[in-house]
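What follows is one structure encoded as structure tokens, with my remarks underneath.
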Amino acid sequence: MKPRNGDGIGVLMFPWLAHGHIYPFLELAKKLVSRQQQPSFHVYLCSSPVNLASISDIQLKYPAIELVELHLPSLPDLPPNRHTTKGLQTNLLTTLYKALDMASSEFADILARLSPDLLITDFFQPWAPELALSTLKIPTVLFMTNAAFSTALPFTAMKNSGRFDGVFPLPSNYMFDYDTHETPSFKDRVFWSLERSSGMLLVKSFREIEAEHIDRVSEFIGKDVVPVGPLVPDDSDDDDDREESVDKVMKWLNEKDPSTAVVYISFGSESYLSGAEREELGQALLILATKGLNFIWVLRFPEGEEMGPADALPEGFLEAVGERGYVAVGWAPQRRILRHRSVAGFVSHCGWSSVTEGMKYGVPIVAMPLQNDQGTNARLVEEVGVGMKVDRIDRGEVARVIEQVVTGESGNGIRVKARQIRDCLVENGDREIDEAIDRLVHFCNTFSV
Ligand SMILES: C[C@@H]1O[C@H](OP(=O)(O)OP(=O)(O)OC[C@H]2O[C@@H](n3ccc(=O)[nH]c3=O)[C@H](O)[C@@H]2O)[C@H](O)[C@H](O)[C@H]1O
């Protein structure tokens with residue numbers, strides 16, 4: 001198929017409205033536009049204005065990445081500043097799905113106006129590939145920002161129960177019609193998006209840890225699934241070096257004696273501990289602090305439920321831990337912290353970007369999954385051998401697993417494996433992403449409806 005935009009390839013990218021999806025898409029866009037050989041790429045990244053505001057300066061460094069606003073309708077409790085999952089109350093997620101669905105006609109206008117050579121889309125808006133392919137004959141690639149394992153699981157379960165014979169459980173001409181249909185479920189959206197991808201999918205993963213799961217998904221859906229590597233931003237791309245809060249936490253970390261083991265604790269941009277879970281984790285850290293362990297804990301709350309550390313943490317917690325603990329309210333420079341020499345463990349909800357960052361920097365993971373695919377990501381962390389999952393969030397169990405993973409004799413294998421995966425990623429460099437981009441070019445040039 002002849003590229004539409006001169007001799008280059010014009011790509012429209014359309015991630016789901018979550019921080020943990022937009023950033024992997026943005027990393028993929030950076031790799032595409034940085035390609036040296038012909039054809040070059042030009043990327044349009046489409047999202048809500050509130051999401052694009054958080055990456056607005058990307059064009060300073062990457063002029064071939066253009067941001068395209070998609071205006072979702074304002075719905076009850078969902079004004080424009082809430083057209084993102086960051087800080088969104090969980091009960092508003094279905095409303096956000098619906099608002100995005102209702103923007104499909106504006107998206108169709110964007111498609112027609114830009115007329116890209118390729119649409120790279122996400123799981124939650126399966127109407128997008130239908131619009132691209134049926135009216136404009138634009139090929140679509142689904143980019144899975146989650147682990148291949150979490151996509152393979154439902155198919156494996158259905159196959160084992162004999163309910164999956166390769167036919168997708170959705171009529172292929174199903175379009176959104178809110179007069180007659182309720183908003184499609186998460187599962188329906190995933191299956192439908194997998195079916196609608198033109199002929200190739202990308203996955204934010206790498207064969208060293210997921211070859212079997214990548215091949216399994218490929219076999220189930222009958223399309224090539226191509227890994228793009230961990231897609232962890234280059235150190236030079238830290239987007240937080242302007243903030244005073246960054247200096248404070250890095251100063252605290254840099255002043256630590258190099259022999260001090262520091263544990264970094266964070267639960268991503270859209271998952272939150274309950275009050276009881278914060279209490280249990282806090283008590284576990286009090287136990288470990290008396291044994292000399294230090295930690296950085298990122299405290300985040302859904303919008304409107306914010307509280308200060310003194311109210312959010314156990315009675316007397318801050319006084320008891322003193323200089324051994326740093327509580328960062330709202331946000332912390334996660335990648336900068338994870339690659340610091342003193343960081344010896346990562347207590348994580350196992351959002352997929354956090355897992356790949358832990359692996360990139362060789363930090364063993366204490367898995368505390370809270371929702372979505374985090375449970376399957378935690379299982380994968382144990383399967384690969386780079387971490388251990390807490391069985392329940394109570395002070396004894398959490399303290400036991402942190403101590404085991406970070407310093408315990410029995411955790412030594414985990415620490416060795418975490419360093420091995422890090423070294424393998426360093427050695428592989430950009431091999432997988434370069435191969436994936438070559439496959440994408442071939443796909444665009446040979447696609448025919
Ligand atoms: C794909 C999907 O992403 C979602 O996003 P979420 O933000 O929760 O978690 P991450 O994927 O770890 O993404 C979080 C991203 O925010 C960065 N960060 C986070 C906290 C902080 O204080 N500072 C930071 O820099 C972190 O470095 C990472 O890049 C869900 O998990 C979902 O389970 C997962 O499959």
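Because the structure is predicted, anything quoted here is derived from the model rather than measured. Any value given below was found using the heavy atoms of this structure, including those in side chains, with hydrogens, waters and symmetry copies removed. Both ligands and their constituent atoms are indexed starting at 1 by order of listing.
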Legend entry - Salt-bridge contact Arg439-Glu435 (side-chain N to carboxylate O under 4.0 Å): no

Inset, instruction - Considering only NZ, NE, NH1 and NH2 on the basic side and carboxylate oxygens on the acidic side, decide whether Glu357 and Lys360 come within less than 4.0 Å. - result: no

Inset, instruction - Determine whether more than 12 heavy atoms belonging to other residues, nucleotides or ligands lie under 6.0 Å from atom NZ of Lys61. - result: yes

Inset, instruction - Measure from NZ or CZ of Arg189 to the centre of the six-membered ring of Tyr97, then state whether that distance is under 6.0 Å and the direction lies within 45° of the axis. - result: yes

Legend entry - Per-residue contact class, Ser266 against ligand 1 - non-hydrogen pairs under 4.0 Å: side chain

Inset, instruction - Measure from atom 6 (P) of ligand 1 to every heavy atom in Pro369, Gly351, Ala18, Ser269 and give the option owning the shortest one. - result: Ser269

Legend entry - Where ligand 1 meets Val298 - atom numbers and elements under 4.0 angstrom, heavy-atom basis: 22 (O)

Inset, instruction - Select one of side chain, backbone, both or neither to describe which atoms of His349 lie under 4.0 Å from any atom of ligand 1, heavy atoms only. - result: side chain

Legend entry - Criterion side chain to side chain contact (heavy atoms under 4.5 Å, CB included) against Leu285, the qualifying member of Val398, Ile265, Val321, Leu313: Ile265

Legend entry - Short N-O contact, Lys31 and Asp434, less than 4.0 angstrom: no

Inset, instruction - Using a strict 4.0 Å cut-off to heavy atoms of Gln374, name the atoms of ligand 1 that fall inside it. - result: 30 (C), 31 (O), 33 (O)

Inset, instruction - Provide the number and element of each atom of ligand 1 under 4.0 Å from a heavy atom of Gly20. - result: 1 (C), 3 (O), 5 (O)

Inset, instruction - Run the numbers for me: atoms of ligand 1, each under 4.0 Å from some heavy atom of Asp373, listed by number. - result: 32 (C), 33 (O), 34 (C), 35 (O)

Legend entry - Heteroatom proximity flag, Gln334 to ligand 1, N/O under 3.5 Å: yes

Inset, instruction - Specify side chain, backbone, both or neither for His19, according to which of its non-hydrogen atoms lie closer than 4.0 Å to ligand 1. - result: side chain

Legend entry - Short N or O distance, Ala332 and ligand 1, threshold 3.5 Å exclusive: yes

Inset, instruction - Look at Lys389 together with Glu382 and state whether they make a salt bridge at an N to O cut-off of under 4.0 Å. - result: no

Legend entry - Thr145-ligand 1 polar pair, N/O distance under 3.5 Å: no

Inset, instruction - Output the list of atoms in ligand 1 that are nearer than 4.0 Å to some heavy atom of Glu270, sorted by atom number. - result: 4 (C), 8 (O), 30 (C)

Inset, instruction - Please verify whether a non-hydrogen atom of Tyr23 lies at under 4.0 Å from ligand 1. - result: no

Legend entry - CD (Glu427) with more than 12 external heavy atoms under 6.0 Å: no

Inset, instruction - For atom 27 (O) of ligand 1, state which one of Met144, Gln371, Glu357 supplies the nearest heavy atom. - result: Glu357

Inset, instruction - Answer side chain, backbone, both or neither: which part of Arg300 comes under 4.0 Å from ligand 1, heavy atoms only. - result: neither

Inset, instruction - For the pair His349 and Phe267, name the ring-plane relationship: parallel under 30°, tilted 30 to 60°, perpendicular over 60°. - result: perpendicular

Legend entry - ligand 1 to His21 polar contact by distance, N or O atoms, under 3.5 Å: no

Legend entry - Flag if over 12 foreign heavy atoms under 6.0 Å of CD, Glu315: no

